[in-house]
Amino acid sequence: MIALAGLLVVGAVEAVLGTGAGGIGLGALGALAGVVLLPMATQLGLLLGSAVFGLRVRHIVLGAMRALGSWTIGRVTFTLRALPVTIGSEIGPWRKPVILRCWLAGLTSALTGVAVVTASWLLAGGPFGRGFALAATATMLYKLWPRRVPLATSTGWLLFGLPRMPEPRRTEFCAGPMAARAYEALRDGDLDRAQAHTDELVGEHPELNAAVSCQVSMHEARGEYAQAVMMLLQHISSADIPQREMSYTLAGMAGLGFAAVEAGQLPSDDLMPLAKKALDDAIKLGFPPFDLSGTRGLLALVEGDADEAARLAAVGADHNTSPLARADCFATLARARMALHDNAAAREALARAEENAAWWPRVRETRERLQIA
């Protein structure tokens, strides 16, 4: 929408200036460049601020569309995609003071964007430069609007929303480092260390969404899907969960519900309608449907649509940034291939799952099924 508005503005400006069709075209190209490059600049600023002020950078994604490859350097995974028009990242708090560190990283992001906008106006000469400056300015203003939705946090929210965050959400945010350490241990397959960090978090803040989420993750990591589902149901019914966090909770509830049915841990007739509703409600609350491809693939597998399960699981595995989620998607893909009587393709998918997390319960169970087959 911003890109279209920028292009329309450029067209009007260039028409007023009398530069003709050629000028309008150059202005439109400049606007498109501004819409693409300004967010990349603010993201680079955020990464710089995160490195300087002590936030944990887990994953950096260069580009969009199909993944070309991934590399891990230290604790950071880099993914290169086919269309180099965006930069995405997973960044989280790691040390106290949490809010100050995040605010300073947001400030660095904002200053980087403002510097690009200022330079574009100083250097604007001709339709392309003016188009770039106009679009970059509009995009920067949008970036500064405080907005926090599932899987996205604006620079403006870090600057203006974060310092004014009320309780208990403030305590929830500040508990991020403990939850992050539990996740890091889980990602490494060290369940004892993950449990220790989870116990520490639950001991200090048993009422927080983060504490419940960590406990649920521990149940899932042990293949205890029924216990995880019951814990989430109790949490949803008893806690006042903000909309953004509720979308995550419902998305997790859906995936765990389908896994519990698949594993035979809970009755399908009772749980499937509940899990499907959780999936639909998560999307209604703003969770991007595309990012639920793996969950929808598992649903298709449970319902017996192996072709659709394989398609969705492949999409989820290609675009998910979490190694545990990718492993789960590849496990679904392997099981779908088995259902289609293609054990060779199933073994290929299983090998990819084991590259991400060979210890993950659904990966282990898939390996056992293939060995029997």
Side-chain angles (χ1 to χ4, degrees), residues 58 90 178-202 206 208-236 239 241 245-268 271-272 274-276 278-279 282 287 291-299 301-302 309 313 316-317 320-335 350 353-354 356-369:
R58 297 188 185 93
E90 288 184 12
M178 281 187 283
R181 284 179 169 80
Y183 171 77
E184 291 286 332
L186 201 58
R187 189 174 74 167
D188 294 338
D190 190 342
L191 268 64
D192 290 337
R193 183 159 56 92
Q195 187 65 63
H197 288 303
T198 298
D199 291 342
E200 180 186 4
L201 176 57
V202 172
L208 294 184
N209 295 321
V212 174
S213 178
C214 285
Q215 292 178 85
V216 168
S217 296
M218 292 307 303
H219 282 304
E220 183 180 15
R222 295 188 172 101
E224 300 166 350
Y225 307 117
Q227 292 92 321
V229 168
M230 300 310 295
M231 178 172 283
L232 277 182
L233 283 173
Q234 182 180 2
H235 182 57
I236 291 172
I241 307 175
E245 285 70 26
M246 179 62 85
S247 70
Y248 287 106
T249 302
L250 291 172
M253 170 72 195
L256 288 166
F258 301 146
V261 170
E262 180 193 42
Q265 295 183 11
L266 289 172
S268 174
L271 189 55
M272 284 298 287
L274 191 63
K276 287 182 180 179
L279 182 62
F287 205 104
D291 289 287
L292 289 168
S293 296
T295 302
R296 291 161 56 212
L298 179 54
L299 169 60
L301 182 64
V302 171
N320 217 300
T321 58
S322 163
L324 302 183
R326 284 199 304 273
D328 204 76
C329 287
F330 278 122
T332 300
L333 178 58
R335 295 182 183 196
L350 176 61
E354 291 177 328
N356 286 277
W359 61 271
W360 191 245
R362 293 187 73 239
V363 176
R364 283 201 321 268
E365 293 162 8
T366 305
R367 185 189 311 119
E368 293 169 1
R369 292 187 188 185

Just wondering, do [Y] and [X] contact through their side chains at under 4.5 Å, heavy atoms?
{"X": "L279", "Y": "T295", "result": "yes"}
{"X": "W360", "Y": "E354", "result": "no"}
{"X": "V261", "Y": "F258", "result": "no"}
{"X": "L299", "Y": "M272", "result": "yes"}
{"X": "N209", "Y": "Y248", "result": "no"}
{"X": "L324", "Y": "D328", "result": "no"}

What's the spacing between [X] [atom1] and [Y] [atom2] if we round to 0.5 Å?
{"X": "L350", "Y": "R367", "atom1": "CG", "atom2": "CZ", "answer": "6.5 Å"}
{"X": "I241", "Y": "L250", "atom1": "CD1", "atom2": "CG", "answer": "7.5 Å"}
{"X": "N320", "Y": "L292", "atom1": "CG", "atom2": "CG", "answer": "9.5 Å"}
{"X": "Q195", "Y": "Q215", "atom1": "CD", "atom2": "CD", "answer": "8.0 Å"}
{"X": "M253", "Y": "T249", "atom1": "CE", "atom2": "OG1", "answer": "11.0 Å"}
{"X": "Q227", "Y": "M218", "atom1": "CD", "atom2": "CE", "answer": "12.5 Å"}

Checklist entry - After noting the C-alpha distance and the side-chain angles of L274 and L233, does the key distance pass the side chain to side chain contact (heavy atoms under 4.5 Å, CB included) rule? => result CA-CA 10 Å; L274 191 63; L233 283 173; 3.6 Å; yes
Checklist outcome for this item: Paired with C214, the side-chain contact (heavy atoms from CB on, under 4.5 Å) test is passed by just one of L201, V202, D199, namely L201
Checklist outcome for this item: side-chain contact (heavy atoms from CB on, under 4.5 Å) with M231: of L256, I236, V212, only one passes, and it is V212
For [X] and [Y], which heavy atoms make the closest approach, and how far apart are they?
{"X": "C329", "Y": "G294", "value": "SG-CA, 3.7 Å"}
{"X": "P206", "Y": "A211", "value": "O-CB, 4.2 Å"}
{"X": "G223", "Y": "P361", "value": "N-CG, 3.5 Å"}
{"X": "N356", "Y": "A327", "value": "CB-CB, 3.9 Å"}
{"X": "A260", "Y": "A226", "value": "CB-N, 4.4 Å"}
{"X": "F287", "Y": "S247", "value": "CD1-O, 3.9 Å"}

Checklist entry - Can you list every salt bridge (Lys or Arg N to Asp or Glu O under 4.0 Å) pair that touches residues 250-261, not counting sequence neighbours? => result none
Item to check | Summary of salt bridge (Lys or Arg N to Asp or Glu O under 4.0 Å) pairs that have at least one residue in residues 211-224, sequence neighbours excluded | outcome: none
Salt bridge (charged side-chain N to carboxylate O under 4.0 Å, His left out) involving [X] - partner list, sequence neighbours excluded:
{"X": "R193", "answer": "D188, D190"}
{"X": "R181", "answer": "none"}
{"X": "E365", "answer": "R335"}

Item to check | Of S217, S322, S213, the residue whose pairing with Y183 passes side-chain hydrogen bond (donor to acceptor under 3.5 Å, both in side chains) | outcome: S322
Item to check | M230 atom CE: more than 12 heavy-atom contacts under 6.0 Å | outcome: no
Next on the checklist: Using the side-chain hydrogen bond (donor to acceptor under 3.5 Å, both in side chains) criterion, which residues pair with T332? Sequence neighbours excluded.
Outcome noted: R362
